[in-house]
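Atoms within each ligand, like the ligands themselves, are counted from 1 in listed order.
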Amino acid sequence: MTVEMALENITAEIKNNVLVLTINRPDKLNALNKQTIEELHEALVEAENNKEVHALIITGSGNKAFVAGADIAEFSNFSVEEGKQLSSIGHFKIFNFIENYSKPVIAAVNGFALGGGLELAMACHIRVASNNAKMGLPEVSLGVIPGYGGTQRLAQLVGKGKAFEMIVTADMIVAEDAFKWGLVNYVTTPEELLNKCFEITSKIASKSPVAIKTAIKVINAGYNSKLNGYEVEIEEFGKSFGTADFREGVDAFLEKRKAKFPGN
Ligand code: COA
């Protein structure tokens, strides 16, 4: 990763083998416009092939918002076809892309996570929220529905009943409720938010990158109606035995030393 990528709306910094991507449009509460989507995609593609990067953290700049949604001004005059494009490009470049990413991605939810912002957090593998965070899918207030995977991922995370309630009322929930409902893994103070994320990534860093990539693939397979998660698990479990990471992990255990995974 060229750490100083020429990006306008996001900053990218590698720290302790973790790429921290900060969405940086604080005066628009980090709303996701087309350019931000493109830049995020570009950074994700670069980091995928960078062996120095073991995990990613995505957060928002400032102390008010993670991301306050898709950029409403930008789509205000869209046609039916443009609306469909907006959704499908977003799915392809960011939301499905992150969900199926080969390295764990953590959302550090540091304030409002609304609409596309909550959808971004939900596409990540793990969510940590600061206690001032507010989350919701308010799209029906604008006469649209969540279009970046929210109708599907919210129900997967909090169950269908709570998802119906949040989407049809457009209500925001506070971080503590999000924790109780399983929408976020942890709640911290704003000051501790990134530290908590780094605590999680430090555990990831010592594990097998190949096994982690495979685990992400297999967990997601269970949520893909075209696949049988158990069958994918059997297949991928078998394949693990052919990797250099398996050799190293098992040898290290038997030799009572710390594994140094080659990552293949
Ligand atoms: N798209 C575009 N601009 C946005 C935005 C969005 N999703 N969310 C906030 N902004 C902009 C505001 O227009 C404002 O810009 P301005 O200063 O140029 O007028 C700026 O960010 C600050 O927002 P503001 O509404 O003044 O802050 P607030 O503290 O009064 O309210 C929110 C905060 C989050 C409650 C409010 O901004 C909001 O409801 N945003 C839209 C949330 C939403 O519906 N998201 C889903 C979109 S599909």
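For E38, the side-chain hydrogen bond (donor to acceptor under 3.5 Å, both in side chains) criterion is met by K93, not counting sequence neighbours.
For S130 (side chain) and L193 (main-chain N/O), no donor-acceptor pair under 3.5 Å exists by modelled atom type.
Only one option out of I58, T59, L29 pairs with I23 in a side-chain contact (heavy atoms from CB on, under 4.5 Å); it is I58. For the side-chain contact (heavy atoms from CB on, under 4.5 Å) criterion with L118, the lone passing option out of V109, V67, L183, I173 is L183.
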Polar pairs, ligand 1 vs protein, N/O only, below 3.5 Å.
| residue | atom | partner | partner atom | Å |
| --- | --- | --- | --- | --- |
| ligand 1 | 1 (N) | A70 | O | 3.4 |
| ligand 1 | 1 (N) | I72 | N | 2.9 |
| ligand 1 | 7 (N) | A68 | O | 3.0 |
| ligand 1 | 7 (N) | A70 | O | 2.9 |
| ligand 1 | 15 (O) | K28 | NZ | 3.4 |
| ligand 1 | 18 (O) | K28 | NZ | 2.5 |
| ligand 1 | 21 (O) | D27 | O | 3.4 |
| ligand 1 | 29 (O) | K64 | NZ | 2.6 |
| ligand 1 | 45 (N) | A68 | O | 3.0 |

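For the pair W181/M135, no side-chain contact is recorded, criterion being any heavy-atom separation below 4.5 Å from C-beta on. Looking only at side-chain heavy atoms (C-beta outward), I57 and F198 come within less than 4.5 Å of each other.
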